[in-house]
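One structure is given here, and the rest of the page talks about it.
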2 protein chains.
Amino acid sequence: MSDASSSAGTVGKALEVLDLVGAQGRPVRFAELQGLSRFPKATLYRFVQTLTNEGMLSFDPERQTYGLGIRLVRMAHNAWEQSSLAPIARRHIEALSAQVGETVHLAQLDHAQVLYVDKVNAREPLQMYSQAGKVGPAYCTGVGKVMLAYLDEDLLARVIEQQSFHPFTPHTLNTEAKLRDELKAIQNRGYGFDREEHEPGIICVAHPILTPGGRLLGALSVTSSTGRTSLTALEEFVPIIKETANAISVEAAQWRFPDTHQPKGS
Amino acid sequence: MSDASSSAGTVGKALEVLDLVGAQGRPVRFAELQGLSRFPKATLYRFVQTLTNEGMLSFDPERQTYGLGIRLVRMAHNAWEQSSLAPIARRHIEALSAQVGETVHLAQLDHAQVLYVDKVNAREPLQMYSQAGKVGPAYCTGVGKVMLAYLDEDLLARVIEQQSFHPFTPHTLNTEAKLRDELKAIQNRGYGFDREEHEPGIICVAHPILTPGGRLLGALSVTSSTGRTSLTALEEFVPIIKETANAISVEAAQWRFPDTHQPKGS
DNA sequence: TGGGAAGTTCCATTATGTGAAACTCAGTTT
DNA sequence: AAACTGAGTTTCACATAATGGAACTTCCCA
């Protein structure tokens, strides 16, 4: 009961361990984990055992290392398929990318971060950091700022608290005040920009995706580089982007389950 | 203590709920879940709460439905990145696909099923069921049979027990005896075929990926359709496929972690 | 062949999970 | 408008399952 922030129950702790393994980016030995986690050896050991038995972690007996398990991949495939946004948006963002000839990102807000859930590359892909499944900062990406702009104040305050405001580039908005001003501008304008705030040379126009009721679903962006085009040129695409966002939103709203209850059979 | 098969601890039960949600393929209401799960209402409720708080499930307040959460997508990205096979194999299978001009699959064995972990489409993609993250039957796919052929007898017996032997097509090997004969043939030959055993018109050549020590890592296949080519023609590719499998295997073996322990800082 | 570190098991203690039942609160139905 | 319904939520006495210090077993390296 000391910090309510993360994980009270057993399940939460187990997931914490899972994240810890995932965060390393490579399979880890037990001892490494022990050093990183707040749990005593025996406790951690049991978690790792359980998770391995459950298929959420995989154990490599040759190397004596634990990695994220294959069951996760399967689950995530389901997650992606059933998330109301990504599968529906697919063909729309493909069409958009084809029309504008640039890379398109689809993102959602995950806690205080941007999660890229899908990406369609331009014919000549940019060399950049994003990728489906990757997370990025919210305060200095086009999609991130646009989504923040459509959060209600309570949540926004909490999310802003968690931003690092690390100055990735000279253009990064590195204070809450600057960010808040930007969010107001986005609210007025209805869309936002990334002015090389996260990666030098990378710019984008981003647009929110809202339910008809105004709830935030996610955001999409058209991304390019200063070498290829300019913000002014990208802004030309806003009408098409807006249309795409709308189309996704409408389709997502129609996405009802067949009926209140389903037949029980397979 | 009735069936030790699935989930003893709390974590296991929570994951069971998670799978249940995932299995529906669409967001579900609480009542639906209740009907499907073995847990009493209050217990199930708490699980769903916990999982939602943890970000493993997402709750849509408009529709009052639960879906798999966004945290899973993030985890899966990590899983894919740190699995010893998929990221390493990427460029190899891309090269292979470019060379042979056909679709290439990379698969691993997940319990008794084939999990497709990556896929590179030919220039003209086939209309077929596979996709990264999807699972398929082991006894009637090229990659599946090849992997079975390199399992040791103990495990093989257990895995075979779990095959349905459903006759997807007239060519499906629908008995254990037929399958066992086929596995022997594969062991002698070093690679295997799919002779329209899973989907009519879909054929492939599959090759195992083994560690230098002989442990099974996965399998890859070159897939095409009877309309486009023949098994005999596909068999021509075996040397290149074998080479690719080898290259992947070698690279996977070198894939050591930097050192026994890592610095603690972020 | 001994010292040390990694990995594993034990078990008394206690925190956590459990689930029947009671409650709330819509949206019906009478 | 009062009673009913059923989904969703909360409560609380009880029991199971998690906890972690300490002891034990490898396995490696000197």
Side-chain angles (χ1 to χ4, degrees), chain A residues 1-18 20-21 24 26-54 56-67 213 256-257 259-262 264, chain B residues 1-18 20-21 24 26-54 56-67 256-262 264:
Chain A
M1 271 177 209
S2 45
D3 69 321
S5 65
S6 49
S7 49
T10 320
V11 174
K13 292 179 203 163
L15 292 174
E16 199 176 305
V17 172
L18 208 56
L20 202 59
V21 176
Q24 304 315 302
R26 67 187 78 260
V28 282
R29 317 200 62 164
F30 177 79
E32 285 185 71
L33 273 186
Q34 205 197 147
L36 292 164
S37 94
R38 63 198 181 88
F39 303 113
K41 199 158 56 151
T43 304
L44 181 65
Y45 183 72
R46 238 173 324 96
F47 275 133
V48 164
Q49 290 266 93
T50 307
L51 289 170
T52 304
N53 287 335
E54 293 291 341
M56 300 299 280
L57 288 179
S58 69
F59 180 66
D60 178 340
E62 251 168 48
R63 306 251 175 87
Q64 302 222 124
T65 55
Y66 296 90
R256 295 227 111 100
F257 3 71
D259 213 24
T260 314
H261 33 230
Q262 291 178 275
K264 280 230 188 150
Chain B
M1 274 176 209
S2 43
D3 68 322
S5 66
S6 48
S7 48
T10 320
V11 175
K13 293 179 205 163
L15 292 174
E16 200 176 303
V17 172
L18 209 55
L20 203 59
V21 175
Q24 305 314 304
R26 70 185 77 262
V28 282
R29 316 200 67 174
F30 177 80
E32 285 185 70
L33 272 186
Q34 204 197 150
L36 292 163
S37 94
R38 64 196 181 89
F39 302 114
K41 197 160 57 153
T43 305
L44 181 65
Y45 183 72
R46 237 172 325 96
F47 274 133
V48 164
Q49 290 266 94
T50 307
L51 289 170
T52 304
N53 286 335
E54 293 292 338
M56 300 299 279
L57 288 179
S58 69
F59 180 65
D60 178 339
E62 253 167 49
R63 306 252 177 84
Q64 302 222 125
T65 55
Y66 296 89
R256 294 229 112 100
F257 1 71
D259 213 25
T260 313
H261 36 228
Q262 291 178 272
K264 279 219 186 165

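Note that the coordinates shown come from a computational prediction; the quantities given were computed from them, not determined experimentally. Only this structure's heavy atoms are used, side chains among them; waters, hydrogens and symmetry mates stay out.
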Self-check item: Straight-line distance of B:R38 CZ to B:T43 OG1, nearest 0.5 Å
Solution: 10.5 Å
Quiz item: How close do B:L51 and B:A14 get, heavy atom to heavy atom, and via which atoms?
Solution: CD1-O, 3.6 Å
Quiz prompt | Euclidean distance, atom CZ of residue A:F39 to atom P of C:dG7 [Å, nearest integer] | solution = 18 Å
Quiz prompt | B:L15 CG to C:dG17 C1', straight-line distance once rounded to whole Å | solution = 16 Å
Quiz item: What nucleotide, of D:dT19, C:dA6, C:dT18, holds the atom closest to the side chain of A:F47?
Solution: D:dT19
Quiz item: Taking OH from B:Y45 and C1' from C:dA20, how many angstroms apart are they, rounded to a whole number?
Solution: 17 Å
Quiz prompt | Side-chain donor/acceptor of B:K41 to base of C:dG19, under 3.5 Å | solution = no
Self-check item: side chain to side chain contact (heavy atoms under 4.5 Å, CB included) partner of B:L20, the single match among B:L36, B:L15, B:V28
Solution: B:L36
Quiz item: So which nucleotide from D:dA17, D:dT10, C:dT9 ends up closest to the side chain of B:T10?
Solution: D:dA17
Practice problem: First locate atom OG1 of A:T65, then atom CZ of A:R26, and finally report the distance between them rounded to the nearest 0.5 Å. | Solution: 11.0 Å
Quiz prompt | Among D:dG8, D:dT9, C:dA20, the one nearest B:Q64 by side-chain distance | solution = D:dG8
Quiz item: What is the distance, rounded to the nearest whole Å, between atom CZ of B:R29 and atom C1' of D:dG6?
Solution: 11 Å
Self-check item: Side chain of B:P40 (C-beta onward), nearest among C:dA20, D:dA17, C:dC10
Solution: C:dA20
Practice problem: Please tell me which of the listed nucleotides, C:dA22, D:dA23, C:dG19, lies nearest to the side chain of B:T43? | Solution: C:dG19
Quiz item: Do the non-hydrogen side-chain atoms of B:F47 and B:L18 ever get within less than 4.5 Å of each other?
Solution: no
Quiz prompt | Gap between atoms CZ and P, on B:F30 and C:dT24 respectively (whole Å) | solution = 19 Å
Practice problem: By nearest nucleotide on DNA chain D, pick out whichever of B:Q34 and B:Q49 is the more 5' one. | Solution: B:Q34
Quiz prompt | Protein-nucleotide distance (B:D60, atom CG; D:dG8, atom P), rounded to Å | solution = 13 Å
Practice problem: Could you work out which one of C:dA21, C:dT9, D:dT19 sits closest to the side chain of B:A42? | Solution: C:dA21
Quiz item: By side-chain contact (heavy atoms from CB on, under 4.5 Å), which residues pair with A:F30, not counting sequence neighbours?
Solution: A:Q34, A:K41, A:L44, A:Y45, A:Y66
Quiz prompt | Side chain to side chain, B:E54 and A:E16, heavy atoms closer than 4.5 Å | solution = no
Quiz item: Using Watson-Crick and G-U wobble pairs whose two distances are both under 3.5 Å, how do you write the pairing of DNA chain C as dot-bracket, with | for links to another strand?
Solution: ||||||||||||||||||||||||||||||
Quiz item: What nucleotide among C:dT8, D:dT9, D:dA18 has an atom nearest to a side-chain atom of A:R46?
Solution: D:dA18
Quiz item: Among D:dT11, D:dG21, C:dT16, which nucleotide sits nearest the side chain of A:K13?
Solution: C:dT16
